[in-house]
2 protein chains.
Amino acid sequence: MSETRKRSTRQREAVSRALEGAGGFRSAQDLFDSLRDDGAKISLTTVYRTLQYLADEGSVDVLRSHDGEAIYRRCSSSEHHHHLVCRECGAAVEIESDEVEDWAKRVATRHGFTSVDHLAEIYGVCQKCAG
Amino acid sequence: MSETRKRSTRQREAVSRALEGAGGFRSAQDLFDSLRDDGAKISLTTVYRTLQYLADEGSVDVLRSHDGEAIYRRCSSSEHHHHLVCRECGAAVEIESDEVEDWAKRVATRHGFTSVDHLAEIYGVCQKCAG
DNA sequence: TTAAGTGCAAATCGTTTGCAGTTCG
DNA sequence: CGAACTGCAAACGATTTGCACTTAA
């Protein structure tokens, strides 16, 4: 299933490094721009392809921003994390929750599902925006 | 901000009705297909526009499916249900969980967020497909 | 050498928009 | 009538793909 990526290249390294430096979630375009700013010779296509590889491998998480862009971030193993997002300003707080982890696994197992994965996001209006 | 939609039309009614009937989250395409099946004369463009109007009004929630499609559902205040979806065949089991409800509310409150809403979906492979 | 990796340009796909015709009020 | 609303086709922006060229091993 993760039988892609066989060689190590300048570009691939660069993308990984850019992801490291980014910390949070970044779009392919963002990463591409950063890479270019850092003087990397790489195409947007390759950024996309590399990100895809990494995602298949499970090295990066892929989320969707509210306007449909895919955003990526290097993944600390297969650990899940969720977000508390402000509907107004877009500010996001990262949260963890074994509670939800357990729930997802439990429910899935009960229904005979395997290879379980889940998505959980909380939306609301932050203090600042609530006025 | 919600200064669109002034008139009542056959198409707009149809979209609202389709959303009612749908219950869960549906993509514009899905809704369009349902509408056509029900014999409605409407264009995909209008479905999109209507959905946009309703979203601006706050009558529907807009989310993004994992593959970037926008999915909509009529917004019944803050009532929630979740889904356990098979990645292979798409089969979905509807699930409820006060557990998750509580968690979302608790976390949000802790961070000073209001008008809380959330999304939680579990993905996996069902027994049939795991074969 | 040679398969994996890359870049460019063209192709996709969901969604939006320009514009001319239609309809509600 | 006149402003909303519609539909179609063209435009869009993010992502993918076909193909010829590079490059790591």
Side-chain angles (χ1 to χ4, degrees), chain A residues 1-19 22 24-57 59-73 90, chain B residues 1-19 22 24-57 59-73 90:
Chain A
M1 282 188 168
S2 27
E3 216 36 76
T4 350
R5 271 174 59 267
K6 307 273 173 72
R7 289 189 339 211
S8 153
T9 67
R10 190 179 288 75
Q11 291 92 330
R12 204 161 90 50
E13 303 263 303
V15 172
S16 294
R17 214 175 315 117
L19 273 169
F25 283 97
R26 312 286 305 278
S27 71
Q29 271 292 348
D30 274 358
L31 291 168
F32 175 63
D33 293 343
S34 304
L35 285 164
R36 277 292 169 87
D37 288 349
D38 290 353
K41 278 175 69 62
I42 190 172
S43 73
L44 181 55
T45 302
T46 297
V47 173
Y48 272 114
R49 274 198 277 235
T50 304
L51 251 17
Q52 213 162 61
Y53 297 155
L54 296 174
D56 285 350
E57 264 204 349
S59 309
V60 303
D61 286 341
V62 189
L63 248 53
R64 288 280 170 178
S65 70
H66 202 60
D67 55 312
E69 269 192 345
I71 47 182
Y72 312 78
R73 129 184 124 165
Chain B
M1 284 188 167
S2 29
E3 216 37 78
T4 351
R5 272 174 58 267
K6 308 275 173 69
R7 289 188 341 210
S8 154
T9 68
R10 189 177 289 74
Q11 290 92 331
R12 203 162 89 49
E13 304 263 302
V15 172
S16 294
R17 215 174 315 117
L19 273 168
F25 284 96
R26 310 288 304 277
S27 71
Q29 272 291 349
D30 274 358
L31 290 169
F32 175 63
D33 292 342
S34 304
L35 285 165
R36 277 293 169 86
D37 288 348
D38 290 353
K41 277 175 68 63
I42 190 171
S43 73
L44 181 55
T45 302
T46 296
V47 173
Y48 272 114
R49 273 198 277 238
T50 304
L51 250 16
Q52 214 162 59
Y53 296 156
L54 295 173
D56 285 350
E57 265 203 349
S59 308
V60 303
D61 286 341
V62 188
L63 250 53
R64 288 278 170 180
S65 72
H66 203 60
D67 55 311
E69 270 193 344
I71 47 181
Y72 312 78
R73 115 184 136 171

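By convention in this document, chain letters (A, B, ...) are assigned in the order of the sequence lines, proteins followed by strands, and residues within each chain are numbered from 1.
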What's A:Gln29 touching, base or sugar-phosphate or nothing? Going by heavy atoms closer than 4.0 Å.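 Here A:Gln29 touches no strand at all.
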
Next on the checklist: Under 4.0 Å, heavy atoms only, any strand: does B:Thr45 hit a base, just the sugar-phosphate, or nothing?
Outcome noted: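 If one applies the 4.0 Å heavy-atom cut-off, B:Thr45 turns out to touch a base.
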
| Does any donor-acceptor pair link the side chain of B:Arg64 with the base of C:dG14 at a separation under 3.5 Å? |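 Flag unset: no donor-acceptor pair detected.
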
Would you say the base of D:dT23 and the side-chain of A:Arg7 have a donor-acceptor pair closer than 3.5 Å?
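Checked by distance alone, the answer is yes.
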
Roughly, in whole Å, what's the span from [atom1] in [X] to [atom2] in [N]?
{"X": "B:Asp30", "N": "C:dT15", "atom1": "CG", "atom2": "P", "answer": "10 Å"}
{"X": "B:Arg49", "N": "C:dG18", "atom1": "CZ", "atom2": "C1'", "answer": "10 Å"}
{"X": "B:Leu63", "N": "C:dT15", "atom1": "CG", "atom2": "P", "answer": "13 Å"}
{"X": "B:Leu44", "N": "C:dC13", "atom1": "CG", "atom2": "P", "answer": "14 Å"}
{"X": "B:Gln11", "N": "C:dT22", "atom1": "CD", "atom2": "C1'", "answer": "10 Å"}
{"X": "A:Ile42", "N": "C:dG7", "atom1": "CD1", "atom2": "P", "answer": "6 Å"}

Side chain of A:Tyr48 only, heavy atoms from C-beta on: which candidate in C:dA4, D:dT16, C:dT16 is closest?
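Output: D:dT16.
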
When you match B:Glu69 and A:Arg10 each to their closest nucleotide on DNA chain C, which lands nearer the 5' end?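 Between the two, 5'-proximity favours A:Arg10.
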
